[in-house]
Each structure stands twice: as C-alpha cells, then as structure tokens.
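Numbers for residues simply follow the sequence, beginning at 1. Because the structure is predicted, anything quoted here is derived from the model rather than measured.
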Amino acid sequence: MVTSINDPVQAAKFLYRSTFGPKNGDVEKLLDFDGGIEGWFEDQFSRQNMHLNLARKVAEDTGEPLNESARMSAWWQRSIAGGDQLRQRVAFALSQIFVVSNNGGPGGEGLASYYDVLVRNAFSRFDEILKAVTLHPAMGQFLTLDGSRAHNEQNNTFPDENYAREVMQLFSIGLWQLNINGQPKLDNQGKPIPTYSQQDVEELSRVLTGWRKDKDADGSNSNTKSMINNPDWHDDGAKSVLGSDFVAGQSAADDLDQAISLLYQQPNTPVFISRLLIQRLTISNPRRDYIERVARVFIDDGEGVRGNMKAVIKAILLDEDLLEGRAMADHQNFGSNPRNFGKVKEPVIAMTNFCRALNVKSNDSRRWWDFPGLQNNFGQAPLQAPSVFNFYEPDYAPKGEIANKELTAPEFNIHTMDSMRRISNKMWDLILSHRYTGERQWTWDRTPLENRVEKPEEYMAWINERIFFGLMSDDLHHYLENLLIEMTADNIGTDRRTFATLFAIQCSPDFRCQE
C-alpha cells in the first residue's frame, strides 16, 4: 500500500477517486497536508455533513414539502460544497451497493434519512452498516421486509423472501463462491458454485420475520426511525441458514444479530464487497492481486478487526496498482495491461467534477438547483435506481474488445447514444449558467477565461490547471489550442470561444474517464 503521495499528478488522480472532484488549490493542500496522506485521511474521517437536516431546511425555506426536489438539492450541496468529500463519495458508492430507491421506496424524507445512514456509517465496521440498512424503514419498504410475518395457515401469512434473497445476493456474499482474489470457484464440471440455495433464502426469510415501521409522534408510520419488532409476527422456531443453526426461542433481535454476524463472517463477503467498492471508486478492472490485497485488509485490518471500513477504503485508494497504472489484462490472466486501466465516469460524477472545477455556486441562498429530470437526462440519480440491481450491473461489458476479454465497464450500461446527448445538453446548460439569474439555477465566474482568451498559451495553462489539475493529454491540449486560435481568426466572440472550448472539454475522453 502506498504510504505517501508527493507527486502533483498522482495527487490529482487520488482526489478524483476519493472525492467528487478536486477544486482549485486542493492538490496543493493534499501535498502540503500536515501528517501527509495519513493526516488527510484522519481529517476526512472526522468530518460529517448530513442530508436530512439540510433537506428539511430547504423545504422550510422554500415553503415546499420535503420531496425529491428538496432531497436532491441537499445532495448537490453536500456533494459539491461539503468539506467531508471522502465520506460523501463513499456514501454514494455504498448507495449503489445497498440500493434503496424512490421507485418502490419512501418519499424524500425517508430517502434522505436512509442516505444519512450511509453517510454516518461510511467508516464503520461492515456488520454495523449491514444492520443499519437492514433496519431502516426505507429498506423495509423497498424490499418489503416491513411487516414480514411467520407462516400462519389460518391467516394465510408467509415470510417475505425479498430481502432475505437480496441481502445475500447483493449486500454481502454474492451469487457465486469466490477465491480471495475474486476468481470464481468451480466444481468438478467447471461450473461456478452457488453461495446459497433457495432453502437458505426460505430459512433466512423466517429469521427476518417480525419487523415493522415504528411510529412518529403523530401516530403515522415513521420513515426515519429504525424498525421495531413485533414478537407476535416473528417465527421463533429453529432454523438453519448457510449451514448455521438458529436455535428455537430466539427473539427477532437475536435472530437478526446472528444473521448479520453470519453474513459478515462468510468467506465470500470480503472479496465480494471489496471488488464492488474498488469499481465504484477507482478502476473497473482491478488485477487479481489488487482485489486480494483489499479483501485481506477487510478480513483483518492489521489489528484483528474484520470489516473496518476505514482500513478498507484506505487500502482501495492507496493500492500500488493505482500508482503504477496497472489493470487486469483479461478475466483469467494474472498479468497486467495499462490499456485497461481506469474507468468511465458515472454521469453524475462527471457533473460534480465539472461543478467543483468551475467553483459553481447556487443563485438561491435557500437551495441548490436540483437538475429536474436528473435520471432521465443522466441515466442515474442518487437513490433513484430503477431496481435493486442499481443503474447498471457490476459485470456489464459493452460488445467488442471489452466483452471479448471478459473485462467490465459497468458505467457504459447507461451511456447510450441518447443519454450521451442528454448529458451533454445538461453540461451545456451548466456552461451557459453564468448568464442566468433564475433562483434555482447555478452560476460560475468566467472572468479568468475571458481575461486569457486572447492568449492561447495562458488560456490552455489555466484549463489544464483548473479543470484537469495537470492531467490533460497533449492531444487534447493541441486540439483545444487550435480550436481557440481558429475561432479567434474567424472573429468569433469571446463568450462563444469560451463556451466552445468548455463544451469540447466535457465531451473529451480526458474528462469523461477517470485514471
């Protein structure tokens, strides 16, 4: 694991992976941080900005209900302006693993409260995260654990299997048994080995019976308080899950604690969760050695603690493969190929990167513009996935070389031709936003570009420093500089030259991909 970052280029890459994008001066601050990279982590671990309180304030200040608009306004403000960038970025990654959505879930208040569970527990132990999301009423509603009851022939009730299945398949052990390096284990016929059976799903659904939403002060079902158990609904008989016996007579709370511990201790959980977090934060095709190194830290942080998310996140972000630009050569190959390094940025990440680079502000002191129709335009929006399987699957690969090598590029799943057009249109709206004064719009100061537009070399230096933080390729540099010179020769106005270069930037692979 890398113990220091002393190079500006590596510092910029690190900040793209660990935050919603660097702002002016962030690279220098990281390089000069007291205590080095360890000091930076400790500082970020100590910071925490919640969403529900801000969403409530937005609703109060605007005289609107706490709906999705207020929640998304809070999300943009925390993501773009929050000082706890690492926590917010990790929470966003967790939100795409422990998926809850407004498509089947609660409204804005419940979702903001659920997101705060991820923010609050981003650096907790994994079993603590798993228990917190299990008992949140948003999850109870979304995956129908709320109200699940023991089998009763007379009342025709049956345990709900929905959460029992997904907590294993998506939130802990995954579908297939894995080696510590992420390779699937195979049986004598060369086929992958399942991690659980339908019998395990049925038994775990019995374990998880008896939970329901708590009540708020007005007597309504709460979307923010942890669920409580109703002993009359719980199946207190003996059960067996994944080879582990649950003795008869245990309460719903005891059964839940045993189930969480069981999933937490499963050998598949460290590697399954580590790979998902690597993909969300750093690169799409980590080498087997990278996966194994992180999974081993998940198993033991060096002090005997399993699932220490602080240690896991540090291991992911400081792995030696990132410094050396190494990625998987192909699915079965243990070598490396730098051509496969990096990942396509998620559209929302690309937008936050652009906003932070341009130091975007809100024109409305009461709220941040929430990009109406974000999911329709970007193909994604926080906690608005179409299903529990997120906006894309972690093993998705577009047809062609990536699929042929059994590599992955999950984000391509939402980068259709139409979504690319829509994303670019929204980026264009942002580029033009300095013109607008509407109370729900954003704005940024283009004076530094205007002052340099007649001096191409200075203009390009500013672009490279303030938007790419030293990472712009020579090819893009030459293209943009020539574009600027040609437009100047054609007497095209200052504003159009600025807009054109920024639009070309947001379309470029340099900007849309993360190294």
Side-chain angles (χ1 to χ4, degrees), residues 4-33 36-37 40 44 79-83 85-86 89 282 317 322-323 325 341-343 345 349-361 427-428 430-434 442-488 494-515:
S4 63
I5 296 179
N6 303 311
D7 174 64
V9 170
Q10 287 299 332
K13 291 179 179 180
F14 172 83
L15 289 170
Y16 274 113
R17 299 167 189 145
S18 60
T19 74
F20 279 104
K23 297 183 73 172
N24 183 38
D26 282 356
V27 171
E28 292 76 15
K29 289 178 184 177
L30 176 63
L31 294 173
D32 295 335
F33 207 93
I37 193 64
W40 184 89
Q44 286 294 302
S79 300
I80 294 173
Q85 280 291 297
L86 177 62
R89 181 69 189 270
T282 60
L317 293 171
L322 301 178
L323 191 66
F341 188 77
K343 61 178 289 188
K345 291 178 184 176
I349 297 291
M351 177 58 86
T352 59
N353 286 177
F354 213 26
C355 289
R356 285 176 60 80
L358 293 175
N359 196 27
V360 165
K361 306 289 186 182
M427 292 286 193
W428 181 245
L430 176 63
I431 291 168
L432 295 182
S433 66
H434 69 91
W442 293 349
T443 189
W444 58 278
D445 180 12
R446 68 186 179 102
T447 303
L449 287 173
E450 289 179 325
N451 292 342
R452 293 169 173 81
V453 74
E454 301 292 345
K455 303 172 184 178
E457 290 187 8
E458 290 186 19
Y459 188 94
M460 295 309 304
W462 190 93
I463 291 290
N464 190 28
E465 177 186 351
R466 294 288 294 275
I467 296 182
F468 288 101
F469 299 89
L471 303 180
M472 182 167 57
S473 68
D474 290 340
D475 287 344
L476 182 60
H477 182 284
H478 293 320
Y479 173 81
L480 292 173
E481 187 172 23
N482 289 335
L483 176 63
L484 193 61
I485 292 171
E486 289 172 5
M487 295 179 75
T488 301
T494 298
D495 57 349
R496 289 182 59 194
R497 277 179 274 171
T498 302
F499 303 155
T501 49
L502 288 176
F503 188 76
I505 285 168
Q506 71 83 25
C507 290
S508 69
D510 286 44
F511 182 75
R512 291 294 187 93
C513 295
Q514 175 182 292
E515 291 187 71

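Between Asp26 and Arg356, some side-chain heavy-atom pair lies under the 4.5 Å cut-off. Residues Arg446 and Asp495 are in side-chain contact: their nearest non-hydrogen atoms beyond the backbone lie under 4.5 Å apart. Between Ser433 and Val360 there is no side-chain heavy-atom pair separated by less than 4.5 Å. Using a 4.5 Å heavy-atom cutoff, the side chains of Ile463 and Ile505 are in contact. Residues Leu502 and Leu449 meet the side-chain proximity criterion, which asks for heavy atoms closer than 4.5 Å. For the pair Leu15 and Phe469, the minimum side-chain heavy-atom distance is 4.5 Å or more. Leu322 places a side-chain heavy atom less than 4.5 Å from the side chain of Phe341.
The backbone N or O of Met472 sits less than 3.5 Å from a side-chain atom of Asn464, completing a donor-acceptor pair. Panel note: side chain Glu454, backbone Asn451; no donor-acceptor pair is recorded below 3.5 Å. A distance-only check finds a donor-acceptor pair linking the side chain of Gln514 to the backbone of Thr282 [under 3.5 Å]. The backbone N or O of Gln506 lies less than 3.5 Å from a partner atom in the side chain of Arg512, making a donor-acceptor pair. Using modelled atom types, one side-chain atom of Gln44 and one backbone atom of Leu86 make a donor-acceptor pair closer than 3.5 Å. Within the 3.5 Å criterion, the main-chain N or O of Phe20 finds no donor-acceptor partner in the side chain of Arg89. A donor-acceptor contact shorter than 3.5 Å is absent between the side chain of Trp444 and the backbone of Leu432.
Checked against side chain to side chain donor-acceptor pair (under 3.5 Å), Arg452 has no partners two or more places apart in sequence or in another chain. For Phe14, the ring pair (Phe, Tyr, Trp, His ring centres under 6.0 Å) partners are Trp40, Phe41, not counting sequence neighbours. With sequence neighbours excluded, the residues that form a ring pair (Phe, Tyr, Trp, His ring centres under 6.0 Å) with Phe503 are Trp428. Partners of Phe354 by ring pair (Phe, Tyr, Trp, His ring centres under 6.0 Å), not counting sequence neighbours, listed by chain and number: Phe511.
Screening residues 470-481 for side-chain hydrogen bond (donor to acceptor under 3.5 Å, both in side chains), with sequence neighbours left out, gives Ser473-Asp510. Pairs of residues two or more places apart, or lying in two chains, that qualify as side-chain hydrogen bond (donor to acceptor under 3.5 Å, both in side chains) and include a residue from residues 7-23 are Lys23-Asn359.
A salt bridge between Glu486 and Arg497 is absent, with no side-chain N of the basic residue lying under 4.0 Å from a carboxylate O of the acidic one. At a threshold of 4.0 Å, the pair Lys361-Asp445 does not count as salt-bridged, since none of the basic side-chain nitrogens sits closer than that to a carboxylate oxygen.
When all heavy atoms of Val27 and Ala11 are compared, the closest pair comes out as CG1-CB, 3.9 Å. When all heavy atoms are compared, the tightest approach of Ile467 to Ala357 is CA-CB, 4.0 Å. Residues Leu483 and Ala504 come closest through the heavy atom pair CD2-CB, 4.4 Å. In plain terms, the two heavy atoms of Leu430 and Cys355 that are nearest each other are CD2-SG, 3.8 Å. Between Pro456 and Ile485, the shortest heavy-atom contact is CG-CG1, 4.0 Å.
Remark: Glu28 CD to Phe33 CZ distance equals 14.0 Å, nearest 0.5 Å. Here Met351 contributes atom CE and Asn353 contributes atom CG; the two are 10.5 Å apart, rounded to the nearest 0.5 Å. A distance of 11.5 Å separates CG of Leu484 from CD of Glu457, quoted to the nearest 0.5 Å. If you take CG on Leu480 and CG on Leu476, they are separated by 4.0 Å, rounding to the nearest 0.5 Å.
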Inset, instruction - Dump the intermediate steps for side-chain contact (heavy atoms from CB on, under 4.5 Å) on Val453 and Thr488, then the final yes or no. - result: CA-CA 9 Å; Val453 74; Thr488 301; 5.6 Å; no
